[in-house]
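Notes follow the structure.
One is the number of the first residue; the rest follow in order along the sequence.
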Amino acid sequence: MVIVNGILESQQMVEIYKRGLLPSAEKFYGAGNRDWQLLEDGDPKHTSRLSKAFKAEKRVEVLEWPANSPDCNPIENVWGLMKARLRQRKITNRFGLIRAIKEEWRSLSVEYAQKLAQSCSKRCQAVLDNNGDWIPY
């Protein structure tokens, strides 16, 4: 989890790649292993020259993903769950919010992440079956 102050722009996105993505990938796949793909939407901060250059330099392969398809992206389930959990907590200031976000993030299980990742093929098939229209994920 990388906390960003202010508006998330390309430079902060590269910091997230450096401080969050790469260390996490090394933890799960081993140092230097690039036998994984990054799933991102078409947000400009993901597709900026700066972000693309960083990913190319670090050999991060990005999974091709359709624009405007949050129902297909498993991370949206994570954000929804975290928002629901955070609404149940009494948070009175910024530091309390940051602490609560980190606690909720750490409470997510590897099994939950695996289940979401494994749902990708079902989500894609559901979109195809629904002629490219919205699916209830």
* To do: Give the C-alpha distance, both sets of side-chain angles, the deciding distance and a yes or no for side-chain contact (heavy atoms from CB on, under 4.5 Å) between Val127 and Asn130.
  => CA-CA 5 Å; Val127 169; Asn130 206 25; 5.9 Å; no
* Asked: Are Arg89 and Glu103 ion-paired here, with the side-chain N under 4.0 Å from a carboxylate O?
  -> yes
* **From Leu21 atom CG to Met13 atom CE, the distance as rounded to the nearest 0.5 Å** => 8.0 Å
* Asked: Just wondering, are more than 12 heavy atoms of other shown residues or ligands nearer than 6.0 Å to CG in Asp129?
  -> yes
* **Approximate separation, where rounding is to 0.5 Å, of Leu86 CG and Trp79 CH2** => 11.0 Å
* Carefully, step by step, assess Ile16 and Val4 under the rule side-chain contact (heavy atoms from CB on, under 4.5 Å). => CA-CA 9 Å; Ile16 291 171; Val4 175; 3.7 Å; yes
* Asked: Are Ile75 and Leu8 connected in the hydrophobic side-chain network, where two residues link if heavy atoms are under 4.5 Å apart?
  -> no
* **Lys18/Glu15 ion pair, N-O < 4.0 Å** => yes
* In plain terms, say whether Glu9 and Lys45 are close enough for a salt bridge, that is, a side-chain N and a carboxylate O under 4.0 Å apart. => no
* **CA sep, side-chain torsions, deciding dist, call: Phe54, Leu22, side-chain contact (heavy atoms from CB on, under 4.5 Å)** => CA-CA 11 Å; Phe54 177 84; Leu22 294 180; 3.6 Å; yes
* Asked: So, for Val62 and Lys55, which heavy atoms are closest and what is the spacing to 0.1 Å?
  -> CG2-CD, 3.8 Å
* So, His46 side chain and Glu40 main chain: donor-acceptor pair closer than 3.5 Å or not? -> no
* Kindly indicate whether the side chain of Val78, heavy atoms from C-beta on, has any atom under 4.5 Å from the side chain of Leu116. => yes
* To the nearest 0.5 Å, tell me how far Arg19 CZ sits from Met1 CE. => 12.0 Å
* Asked: What heavy-atom pair brings Leu108 and Arg85 nearest, and what distance separates the two atoms?
  -> CD2-NH1, 3.8 Å
* From Arg99 CZ over to Asn93 CG, what is the distance, rounded to the nearest 0.5 angstrom? -> 7.5 Å
* Do the side chain of Ser119 and the main chain of Lys122 share a donor and acceptor less than 3.5 angstrom apart? -> no
* Asked: With no hydrogens and no angle check, is any side-chain donor or acceptor of Asn33 less than 3.5 Å from a backbone partner on Tyr29?
  -> yes
* Are any non-hydrogen side-chain atoms of Tyr17 and Lys58 less than 4.5 angstrom apart? -> no
* Asked: Once you round to the nearest 0.5 Å, how far does CZ of Arg94 lie from CD1 of Ile3?
  -> 8.5 Å
* Starting at CD of Glu104, measure out to CD of Gln88 and round the result to the nearest 0.5 Å. => 8.5 Å
* To do: Evaluate side-chain contact (heavy atoms from CB on, under 4.5 Å) for Val60 paired with Gln37, printing each intermediate quantity in order.
  => CA-CA 7 Å; Val60 174; Gln37 294 178 315; over 6 Å; no
* Asked: Have Ser10 and Arg49 got a donor and an acceptor in their side chains that come within less than 3.5 Å?
  -> no
* Where do Gly96 and Ile91 come nearest, in terms of heavy atoms and distance? -> C-CG2, 3.8 Å
* What are the two closest heavy atoms between Lys52 and Thr47, and how far apart are they? -> CE-O, 3.2 Å
* To do: Identify the heavy atoms of Asn77 and Tyr112 that sit nearest to each other, and give their distance.
  => O-OH, 3.5 Å
